[in-house]
Amino acid sequence: MSEKREEVVSEALKAEEEQRSSWHILTLEGDLVPVDEFNYKGYKGLQTFSGYEVDKDRTVNQVPPHVTLMKSLELVDYEPASDPGNMRYYPKGRMMKALLEDYVTGMIHDYGGMEVETPIMYNMNHPTLANYLNRFPARQYTIEHDDDKYFLRFAACFGQFLMAHDATISYRDLPLRIYELTKYSFRREQRGELVGLRRLRTFTMPDVHAMCRDLPQAKKEFKRRYKLVRDTLGGIGFENDEFELGIRTTEEFYKKNKRFIQSMVKQHGKPALVEMWKERFFYFVLKYELNFIDALGKASALATDQIDVENGERYDITFMEEDGHEKHPLILHCSPSGAIERDIYALLEKAHMGMAKGVRPSLPLWLAPTQVRMIPVNEGHVKLAMDYAKKLSGGKVRADVDDRGETVQKKIRDAEKEWIPYIVVLGEREVGAEKVPVRVRSDGKLHKMSLKELGSEIKKQVRGKPYRPLPLPMSVQGRPKFVG
RNA sequence: GCCUCGGUAGCUCAGUGGCCAGAGCGGCAGCCUUGUAAGCUGUUGGCCGCGGGUUCGACUCCCGCCCGGGGCUCCA
């Protein structure tokens, strides 16, 4: 995911490229249909993604829903004192982002990725990088001091490739899987392209590379990683049918690997958009992304994987073949979740789209800043509420207490506005009672259950997901208001 | 970067070339002692985005800049 077409190529090359690339829809049956001849009935998302729209006017004159939500939920906000596209994260947003980071990292550990850490800035005059960088002249952040000039990385490729260059690698070590969560990747995107959490100049991206021995091994690994991608996105809280698959490849690679590419489409379960080049202009021969369509009909890529045939040589990464000869590996570049910020964007957009269908918006339970809100009827019940919240917290459930002097109704309203999944009102009736009334957001009903039952219900739903404690004081009274 | 729309209280927004610039929410104080989506009263709060210009006078008109939305199909 390191290189981006627009930044790589000049205007002239771009024009040439437009001429030579063709766009198709690859069906489940394996037919390649030109984009403007495909019948999009039943494939609205794909139609939006392929850009083939009857309504030419795509002007959207409103703030993207996730921008409003990221503020009103006190997750993320703009930071005017920074460069645009650099955000500030409030406690709830930071917790959510940290959980996503932990989760994706865990998934990549399970897949076999060896986690490393590499510098975020590099010398522009480094011989290998200079060659690579000359293709990205205008879009980097640069830092100068004394006589040296540095650039901020736009992905983890640099550090990992330089590390691999210096490593002694045997064919037995392949596929060699290296992982880093880039915090951050920097891309000085055009000002007008920046939007909320969808497109940033500074973002967090898991970047896992796999050095492979040859094409058969690369293809096998590619498949394995496709599963990693699907599992990761699914675990975050997305459904498969929320994504449109985009595939980029060359005519030659497609011809030789037709069945392989078709199998990807089958795995995806829906027709996919294919961009086909007459010749290879970039370092990869095959790339795919899973694209999310938001509430305003904008598509953005989340997960991606690529087969890189060029950088093994450019960075002089070698491994010893069985026959004693050194060879350059093929390199797969994958981000199983896409940018973490973009995951939050997609979760918020998804919640907003649900609202239109009459579904109460919510975040996945494991990401909810508060999972259980205790609401004491009056101050006499605050202690009980605190005891209960502490008990739940001891079992790694995020519970807090609205101890403000507001009415029960007001406190419930505020809890609902925060999308809190479970709300418990505690008054005289609950003193000494085993079961308490739990207001469940997903069905809007009251359920009588014991504290223990509530705790295990939540634990059951978040099984396998990382945990972080409450990002704010347990007492709602003792919290500052970060937004509004 | 270019085109376009916008920036007024912490938030959402109204307003006029001229008295002290407004509302709701929030914050704070007090009352109420609350039972499943907003209890009542009072009070606080604004270089009207920043800089410059026109004018007797600018929040209002003009220019520049900054920030945000949309577009220029770009990607994670």
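As the structure is a computational prediction, the values presented were derived from the model and not from experiment. What's counted below: heavy atoms across the whole structure, side chains too, no hydrogens, waters or symmetry copies. In what follows, chains are A, B, ... by sequence order, proteins preceding strands, each numbered from 1.
- Taking the P atom of each, B/A21 and B/C63 are spaced 27 Å apart, rounded to whole Å.
- Residue side chain A/Q409 does not reach the base of B/U34 through any donor-acceptor N/O pair under 3.5 Å, judged by distance alone.
- A donor-acceptor contact closer than 3.5 angstrom is absent between the side chains of A/D207 and A/T182.
- Base-pair partner of B/G1: B/C72 (Watson-Crick or G-U wobble, both distances under 3.5 Å).
- The side chain of A/K410 places no N or O atom within less than 4.0 Å of a non-bridging phosphate oxygen (OP1 or OP2) of B/C32.
- Cation-pi geometry between A/R187 and A/F154 is not met: the NZ or CZ atom fails to fall both under 6.0 Å from the ring centre and inside 45° of the normal.
- On the C1' atoms, B/G18 is 7 Å away from B/G57, given to the nearest whole Å.
- In this structure, A/E79 places its CD atom where more than 12 heavy-atom neighbours from other residues, nucleotides or ligands lie under 6.0 Å away.
- Side chain to side chain, A/E418 and A/T370 fail the donor-acceptor criterion of an N or O pair below 3.5 Å.
- Across the strands present, B/G27 finds its partner in B/U43; the criterion is a Watson-Crick or G-U wobble pair with both atom distances under 3.5 angstrom.
- Residue contacts for A/K481: at a heavy-atom cut-off of 4.0 Å it reaches the sugar-phosphate backbone alone, with no base atom in range.
- At a threshold of 4.0 angstrom between heavy atoms, the contacts of A/E379 include nucleobase atoms, whether or not backbone atoms are also involved.
- A/E79 comes within 4.0 angstrom of no nucleic acid atom, judged by non-hydrogen atoms across all strands.
- The side chain of A/S300 places no N or O atom within less than 4.0 Å of a non-bridging phosphate oxygen (OP1 or OP2) of B/C75.
- Put simply, the side chain of A/E193 and the base of B/G70 share no donor and acceptor less than 3.5 Å apart.
- Nucleic acid contact class of A/L194 (heavy atoms, under 4.0 Å, all strands): sugar-phosphate only.
- At the phosphate of B/C75, neither OP1 nor OP2 sits under 4.0 Å from any side-chain N or O atom of A/Y288.
- Comparing the P positions of B/C65 and B/G24 gives a spacing of 39 Å, expressed to the nearest Å.
- Rounded to the nearest Å, the gap between the P atom of B/C20 and that of B/U34 is 49 Å.
- Residue contacts for A/P437: at a heavy-atom cut-off of 4.0 Å it reaches a base atom on one of the strands shown.
- Contact check, A/R373 against B/U36: no side-chain N or O comes under 4.0 Å of OP1 or OP2.
- Only the C1' atoms considered, B/G46 is 14 Å distant from B/G7, to the nearest whole Å.
- For B/G64, the paired nucleotide is B/C50, the pair qualifying as Watson-Crick or G-U wobble because both relevant distances are below 3.5 Å.
- If you check every strand for non-hydrogen atoms under 4.0 Å, A/G380 touches nothing.
- Residue contacts shown for A/V425 include a base, since a base heavy atom lies under 4.0 Å away.
- Of the P atoms belonging to B/U55 and B/G1, the separation is 33 Å, rounded to the nearest Å.
- Across all strands shown, A/A299 has heavy atoms under 4.0 Å from base atoms, whether or not it also approaches the sugar-phosphate.
- Counting non-hydrogen atoms under 4.0 angstrom, A/V195 reaches the backbone sugars and phosphates but no base.
- Annotation: cation-pi geometry satisfied between A/R177 and A/Y111 (NZ/CZ under 6.0 angstrom from ring centroid, within 45° of ring axis).
- Rounded to whole Å, the C1' atom of B/C61 lies 23 Å from the corresponding atom of B/C3.
- Look at the P atom in both B/G10 and B/C50: the space between them is 12 Å, to the nearest Å.
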Item to check | side-chain hydrogen bond (donor to acceptor under 3.5 Å, both in side chains) between A/D305 and A/Y226, intermediate numbers included | outcome: CA-CA 8 Å; A/D305 203 357; A/Y226 187 80; over 6 Å; no
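- In this structure, A/F161 has its ring center closer than 6.0 angstrom to the ring center of A/H333.
- Judged by distance alone with a 3.5 Å cut-off, a donor-acceptor contact links the side chain of A/R342 to the base of B/C75.
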